[in-house]
Each structure stands twice: as C-alpha cells, then as structure tokens.
Amino acid sequence: MDPFNTSLSVNKTLVVDGLLTDQHGPHTITLSYSSDLGVGATMRELASGASVSILDGTGVQTPLTEVSQGAYQTDSSFQAQEGKSYFIRISLNSQSYESEVETLLPAGQLDSLYFKIQSTPLANQFQFYANSGKVQQSNGLMRWRSSFIFQILTWPQLSEDPPPCSNPCTCCTCWVYGHNNDVVVGSGSNFIDNKFNNNLVASIPIDDQRFQIRYYLTVDQLSLSTSAYNFWNLVVSQKAGAGSLFQPASARVQGNIHSTTNPNEQVLGLFQVSSVVSKSIFINRSDVPYNMRHDPPFLNMTDCRGQGTNIRPSFW
C-alpha cells in the first residue's frame with residue numbers, strides 16, 4: 001500500500017494543536033488530518049481554509065489568520081490573562097468544532113536550574129534538573145518543556161569549491177535553534193510544601209556538534225488544567241511504554257476538542273491555555289569533563305547557514 005496515494009479510501013481524523021499563553025503572541029493553532037492507511041501507515045494532511053477563533057468567558061471573539069497551510073495565528077499583541085477562561089471555535093468543510101473551556105492558572109515559580117552528567121557504556125548526557133514552586137491557588141498540575149540554541153563553527157573556505165560567503169567568511173559561525181522532545185509533567189502530589197525540587201526536565205546527549213562551543217538551554221514551566229494534564233500524562237505513559245514487551249496497544253490521545261456538528265466524530269489534539277515562567281542556563285565546552293569523539297571538532301566544510309542562522313543572539 002502506497003501511503004502517498006491520496007486516491008485510497010482512508011478514514012481522516014481532525015487533529016488540533018493549539019497553545020495560548022500569557023506571553024505576547026503570535027499564538028498558533030495548527031489543524032491537520034491524521035489518516036489511517038492500515039498496516040501501520042499514516043498520512044498527515046494540513047487543513048486549510050478553516051475559520052478559527054478564540055473566545056473568552058465574556059464573549060469576546062478573536063479571529064485567527066491562516067499564515068501558512070494549516071497554521072492559524074493571533075496577532076503579536078494578543079495574550080491570555082490569568083484567571084480568564086478561553087475556548088476555540090473552528091469551522092471547517094461545513095463542520096463545526098469547539099474545545100472545552102480552559103482557564104489560565106498561575107504557573108508558580110521556576111527557582112533554579114542545574115545539570116549533572118550521566119555516563120553509561122552506551123551514551124553520555126547532560127541531565128537538567130529544576131527546582132520549582134507553586135502558588136497557593138494553583139492546582140499543582142505542571143508541564144516542563146525545553147528549547148535550545150547552540151553555536152557551531154564550520155570551514156567552507158577549505159572546501160574544493162569555496163562559496164562566496166567564505167571570503168571574508170560570513171557563513172562560518174552560526175547558531176542552531178530547536179526544541180527538545182522531552183515531555184515532563186507533574187501533579188500536586190509531586191510538590192512538598194509547595195516546592196518541587198530535583199525535577200528532571202531534560203536529557204541532552206553529549207556530542208561534538210551540540211557542545212562544539214556553547215549550548216544554551218531554556219526551560220519553560222507551564223500551568224495545566226486537569227484535561228491538559230491528563231492529555232500529557234497519557235503521552236508520557238505511552239512514550240515510557242514504547243520499549244516494553246508488555247506495552248498495551250497504543251491508543252490515540254484524544255484531548256479536549258469535540259465536534260458540535262456530529263457528536264460521534266472523533267477529534268484528536270489539544271487546546272491548552274497556560275501561564276509560563278522560564279529560566280535559562282549556559283553549558284560551555286569546558287563543562288564536558290572528557291575529550292569527545294572528535295576533539296578538536298572535525299572539519300565541517302559546509303556553509304553553516306544550512307544548519308542555522310549566522311545572526312548572533314543579542315545575549316550571546
């Protein structure tokens with residue numbers, strides 16, 4: 001069966017991925033279809049042409065603009081407010097959908113970050129831990145996510161056909177941006193006296209690409225509603241069981257979206273409303289206590305802009 005043959009008869013399920021925070025936007029809601037093609041194959045199709053709006057508890061409606069296929073955004077000034085409630089309304093192909101009403105709860109404090117090195121016969125990694133606090137009125141349901149920037153150095157001037165940018169070299173030093181795949185959640189039971197210490201929030205493999213010069217990690221602590229916590233907790237459970245011989249059949253993580261046109265239609269995904277607090281930390285090459293595989297780094301003779309941007313971050 002060819003997963004790229006769109007003439008096949010497949011069951012398409014709408015998938016909604018949206019996050020609204022108390023930070024300035026733009027905030028993005030992505031719509032797609034997940035198509036089950038059988039024999040373990042799936043196909044993802046972005047959903048264009050929808051009408052998407054965010055509504056608050058007072059009835060104020062904020063329409064989103066489709067900025068690229070399947071991606072709908074607020075303007076940059078839009079931000080959620082603590083204590084207010086929000087939900088989304090979607091109209092797509094004569095069908096209507098809504099999320100559950102989500103209230104913006106406080107995220108507490110992200111007090112400190114620190115790292116340890118874990119070494120095994122198979123891999124070495126930096127493990128990052130957070131010490132957090134929650135405010136009294138919080139439900140204690142949290143999610144932690146992380147993003148990174150690292151600096152790389154290449155030598156395109158040494159290649160057989162040096163590019164114009166190599167003399168003088170404007171494509172030798174770049175910064176690579178991205179997000180880590182760790183999914184970490186915590187409930188009120190993790191907090192003792194409103195503190196949650198020594199919480200493992202990210203694990204980063206040590207290699208001479210990421211830690212060639214310097215690595216910058218940012219950890220976000222996000223408040224969660226009960227439905228959002230249940231969603232992410234199930235994601236964590238499925239990831240943890242992926243390598244188990246006794247893992248139950250993987251279930252689709254449904255989330256908090258439903259069809260108002262057809263109550264029996266299955267809809268996947270999540271509209272999450274969160275307060276966010278963040279903290280960042282630098283890791284230098286000198287923090288790696290041993291020589292890496294290529295030390296000094298191997299000679300990468302490509303234009304570094306193929307991996308990142310040559311625009312230096314203002315804080316670097």
Side-chain angles (χ1 to χ4, degrees), residues 18-28 78-84 86 102-118 125-150 175-206 210-211 214-233 235-236 239-240 270-284 287 313-316:
L19 173 63
L20 174 62
T21 75
D22 56 356
Q23 310 297 301
H24 284 291
H27 303 278
T28 304
F78 187 79
Q79 61 187 127
Q81 298 178 28
E82 186 176 313
K84 292 188 69 172
Y86 302 87
E102 299 285 324
T103 301
L104 186 79
L105 302 171
Q109 303 86 36
L110 188 49
D111 298 320
S112 61
L113 285 178
Y114 66 95
F115 60 83
K116 297 179 180 179
I117 293 179
Q118 183 190 59
Q125 60 183 2
F126 281 111
Q127 292 189 327
F128 294 86
Y129 296 83
N131 294 327
S132 304
K134 74 178 185 70
V135 295
Q136 195 67 39
Q137 64 269 34
S138 168
N139 60 9
L141 303 178
M142 304 287 185
R143 177 191 169 206
W144 291 268
R145 66 180 183 183
S146 61
S147 58
F148 60 80
I149 307 171
F150 60 83
W175 288 263
V176 181
Y177 290 71
H179 292 84
N180 296 312
N181 294 324
D182 303 277
V183 179
V184 183
V185 295
S187 66
S189 62
N190 300 122
F191 288 84
I192 300 175
D193 296 328
N194 294 327
K195 294 292 183 181
F196 188 11
N197 294 328
N198 309 314
N199 179 28
L200 179 61
V201 292
S203 297
I204 311 299
I206 299 175
R210 293 179 179 88
F211 297 98
R214 209 177 191 197
Y215 188 98
Y216 183 76
L217 183 81
T218 297
V219 173
D220 299 325
Q221 178 172 298
L222 298 89
S223 61
L224 297 178
S225 67
T226 299
S227 62
Y229 172 80
N230 290 338
F231 177 93
W232 287 112
N233 197 41
V235 170
V236 171
K239 285 171 67 73
L270 180 72
F271 172 62
Q272 180 180 326
V273 178
S274 297
S275 178
V276 182
V277 292
S278 304
K279 192 167 286 292
S280 300
I281 186 172
F282 271 111
I283 305 92
N284 296 309
D287 291 316
S314 61
F315 58 85
W316 204 269

Working note: Leu222 + Leu19, criterion side-chain contact (heavy atoms from CB on, under 4.5 Å); need CA distance, chi angles, decisive distance, verdict.
CA-CA 11 Å; Leu222 298 89; Leu19 173 63; 4.1 Å; yes
Work out which heavy atom in [X] is nearest to a heavy atom in [Y]; give both atom names and the distance.
X	Y	value
Ile206	Ile117	CD1-CG2, 4.3 Å
Ala80	Tyr86	CA-OH, 3.5 Å
Val185	Trp144	C-CZ3, 3.8 Å
Phe191	Gly140	CE1-O, 3.4 Å
Ala107	Met142	O-CE, 3.3 Å

Chi angles and distances behind the side-chain contact (heavy atoms from CB on, under 4.5 Å) call for Arg214, Asn284:
CA-CA 5 Å; Arg214 209 177 191 197; Asn284 296 309; 2.8 Å; yes
Are any of the side-chain heavy atoms of [X] and [Y] separated by less than 4.5 Å?
X	Y	answer
Asn190	Asn199	no
Asp111	Lys195	yes
Asp220	Arg145	yes
Val276	Asp22	yes
Leu105	Ser138	no
Phe231	Gln272	no
Phe211	Asp287	no

To the closest 0.5 Å, what do you measure between [atom1] ([X]) and [atom2] ([Y])?
X	Y	atom1	atom2	answer
Leu224	Trp232	CG	CH2	9.0 Å
Ile283	Phe148	CD1	CZ	11.5 Å
Leu217	Phe282	CG	CZ	11.0 Å
Trp316	Ile149	CH2	CD1	6.0 Å
Ser146	Ile281	OG	CD1	12.0 Å

Got a list of side-chain donor-acceptor pairs under 3.5 Å for residues 126-134, not counting sequence neighbours?
residue, atom, partner, partner atom, Å
Gln127, OE1, Tyr129, OH, 3.0
Gln127, NE2, Gln118, OE1, 3.4
Asn131, OD1, Asn198, N, 2.8
Asn131, ND2, Ser112, OG, 3.0
Ser132, OG, Gln221, OE1, 2.6
Lys134, NZ, Asn194, OD1, 3.1

For the residue pair Tyr216 and Phe315, does the interplanar ring angle fall in the parallel (under 30°), tilted (30 to 60°) or perpendicular (over 60°) class?
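Correct class here is tilted.
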Can you check side-chain contact (heavy atoms from CB on, under 4.5 Å) on Leu141 and Thr226, steps first, answer last?
CA-CA 7 Å; Leu141 303 178; Thr226 299; 3.9 Å; yes
Which residues share a side chain to side chain donor-acceptor pair (under 3.5 Å) with Asn233, sequence neighbours left out
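Listed in chain order: nothing, the list is empty.
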Checking Asn180 side chain against Asp182 main chain: does a donor-acceptor pair fall under 3.5 Å?
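Here the side-chain-to-backbone pair does not exist.
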With a 3.5 Å distance limit and no angle check, can you tell me whether Ser223 reaches the backbone of Ser275 through a side-chain donor-acceptor pair?
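Side chain of Ser223 to backbone of Ser275, a donor-acceptor pair under 3.5 Å: yes, one is there.
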Under a 3.5 Å threshold, yes or no: a donor from one side chain and an acceptor from the other, between Thr21 and Gln23?
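No - no donor-acceptor pair under 3.5 Å links their side chains.
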